[in-house]
Amino acid sequence: MIRLATRSLLSAIPVLLIVSLISFGLMRLIPGDPAAAIAGISATPAQIAQLRQDLGLDEPLLFQLLQYYKGLFQGDFGRSLLLGKGVLAATLERLPVTIGLSLCALIFTLVIGIGCGIIAALRQNSWVDQAAMMFAMIGISVPNFFLGLLMIILFAVQLGWLPSGGYIPFTENPWGWLRSTTMPAFSLALLQAGLLARITRSSMLEVLRQDYVRTARAKGLPGHVVVLKHALANALIPIVTVVGIIVSLLLSGAVVTEALFSLPGMGLLLTQAVLNRDYPMVQGGLLLVTAFLVAVNIAVDVLYAILDPRVRYG
């Protein structure tokens with residue numbers, strides 16, 4: 001298992017290097033001048049040129065790229081052009097908001113998706129199965145930003161149960177954090193819950209037809225033991241695979257959700273950085289998010305080895 005994790009870590013290095021190169025190139029292709037955006041509309045051409053020189057934007061692209069990689073190998077992700085602080089510090093300030101939102105959405109996804117999938121598999125071709133799959137289809141079809149708008153109108157404007165936006169840190173007020181996170185997390189989770197429900201149903205149906213499940217039932221084991229210990233435990237490999245993908249989708253979907261609900265997370269930070277041509281912030285932020293997703297994929301590989309002995313011994 002240690003060898004598997006080490007191999008995954010080594011394979012992640014080229015991924016991070018490629019992502020850093022792509023983000024560097026794409027930011028230079030975006031029209032606009034970061035120096036002009038920072039200086040403002042009242043700045044003179046001489047002032048803008050001086051600012052470009054101070055920021056190092058007048059250097060050749062190859063020199064800028066080498067300086068960027070030199071900083072990365074020294075653990076320096078650069079300094080935000082607009083915020084005036086280090087990229088790593090700015091990211092660590094916003095990352096807890098995005099991680100909290102994604103974890104809350106993941107809990108909703110797991111509970112709704114796996115629950116609906118198991119129930120649909122146990123009641124195959126019944127009205128319960130049809131209703132669960134219809135719910136899953138609705139979740140897959142409705143965009144999260146549209147669902148978020150509907151939830152704001154219903155639960156914030158009409159009923160007044162939840163705030164329409166804003167964020168309260170968990171350490172300051174856990175109940176306030178839950179109220180400010182519930183709507184964005186649910187709107188973010190419904191799409192992924194529909195996907196997970198369909199995968200869980202398909203995987204459970206395949207496992208429930210196996211001989212060892214029929215043997216467990218014939219031995220008189222309780223239904224919940226058969227379903228959870230024998231069926232679900234052996235259906236987890238495809239479910240874990242989808243959950244790993246879902247974590248990535250939740251983080252990418254947080255960009256729209258955070259902007260819609262005015263949450264000060266990584267999604268909103270990167271959106272503002274792209275709009276203002278903040279090169280170091282976009283490059284460093286994307287690299288840190290990629291590193292987090294790589295860690296999630298490594299965790300999924302380790303879970304494979306735990307759940308399936310064939311992977312561990314292979």
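All heavy atoms count here, side chains included; hydrogens, waters and symmetry mates do not.
Between the CD1 atom in Ile245 and the CG atom in Leu195 there is a gap of 8.0 Å [rounded to 0.5 Å]. Note: Leu250 CG to Cys104 SG = 10.5 Å, rounded to the nearest 0.5 Å. A distance of 12.0 Å separates CD1 in Ile114 from CD1 in Ile119, rounded to the nearest 0.5 Å. Remark: Ile239 CD1 to Leu110 CG distance equals 9.5 Å, nearest 0.5 Å. Annotation: the span from Leu287 atom CG to Leu21 atom CG amounts to 11.5 Å, rounded to 0.5 Å. The distance from atom OG1 of Thr182 to atom CG of Leu101, rounded to the nearest 0.5 Å, is 10.5 Å.
The shortest heavy-atom contact between Thr181 and Tyr167 is OG1-CE1, 4.3 Å. The two residues Gly285 and Leu270 make their nearest non-hydrogen contact at CA-CD2, 3.9 Å. Cys116 and Ala197 make their closest contact through CB-CB, 4.1 Å (heavy atoms, listed as atom of the first residue, atom of the second, distance). Here the closest heavy-atom approach between residue Pro264 and residue Arg94 is recorded as O-CD, 3.1 Å. The two residues Pro163 and Met183 make their nearest non-hydrogen contact at O-CE, 3.1 Å. Here the closest heavy-atom approach between residue Ala121 and residue Leu205 is recorded as O-CD2, 3.5 Å.
Using a 4.5 Å cut-off between side-chain heavy atoms of Ile, Leu, Val, Met, Phe, Trp and Tyr, with links allowed through other members, Leu103 and Leu288 fall into the same hydrophobic cluster. With hydrophobic clusters built from ILVMFWY side chains whose heavy atoms lie under 4.5 angstrom apart, Leu92 shares a cluster with Val282. Hydrophobic clustering, with ILVMFWY side chains joined whenever heavy atoms are under 4.5 angstrom apart, groups Met134 together with Leu190. Follow the hydrophobic side-chain contacts under 4.5 Å out from Leu95 and you reach Leu88 in the same cluster. Both Leu162 and Phe146 sit in one connected hydrophobic cluster of ILVMFWY residues. Membership requires side-chain heavy atoms under 4.5 Å apart, directly or through other members.
Remark: Gln130 CD is packed, more than 12 non-hydrogen atoms of other residues, nucleotides or ligands lying under 6.0 Å away.
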(request) Show your working on side chain to side chain contact (heavy atoms under 4.5 Å, CB included) between Met281 and Thr91 and close with a plain yes or no. (result) CA-CA 8 Å; Met281 188 70 251; Thr91 302; 3.4 Å; yes
(message) If you apply the rule side-chain hydrogen bond (donor to acceptor under 3.5 Å, both in side chains), what do you find for Ser20 with Gln283, and how did you get there?
(response) CA-CA 7 Å; Ser20 63; Gln283 294 166 186; over 6 Å; no
(request) For the pair Ile152 and Phe261, evaluate side chain to side chain contact (heavy atoms under 4.5 Å, CB included) and give the outcome as yes or no after the intermediate values. (result) CA-CA 9 Å; Ile152 289 174; Phe261 289 93; 3.6 Å; yes
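Between Trp161 and Phe155, the two ring planes are tilted [angle within 30° to 60°].
For the pair Tyr69 (side chain) and Leu17 (backbone), a donor-acceptor distance under 3.5 Å is present. The closest donor-acceptor contact from the side chain of Ser202 to the backbone of Arg198 lies at 3.5 Å or more, if one exists at all. At least one donor-acceptor pair closer than 3.5 Å links the side chain of Thr98 to the backbone N or O of Met266. Side chain of Ser203 to backbone of Ile199: no donor-acceptor contact under 3.5 angstrom is found.
When each of Thr257, Leu147, Leu106 is paired with Leu188, the side chain to side chain contact (heavy atoms under 4.5 Å, CB included) condition holds for Thr257 and for no other.
Within the structure, the salt bridge (Lys or Arg N to Asp or Glu O under 4.0 Å) test picks out no pair touching residues 102-126 (sequence neighbours left out).
At least one side-chain heavy atom of Leu263 sits less than 4.5 Å from a side-chain heavy atom of Pro184. Between Val97 and Phe170, the closest side-chain pair of non-hydrogen atoms is not below 4.5 Å.
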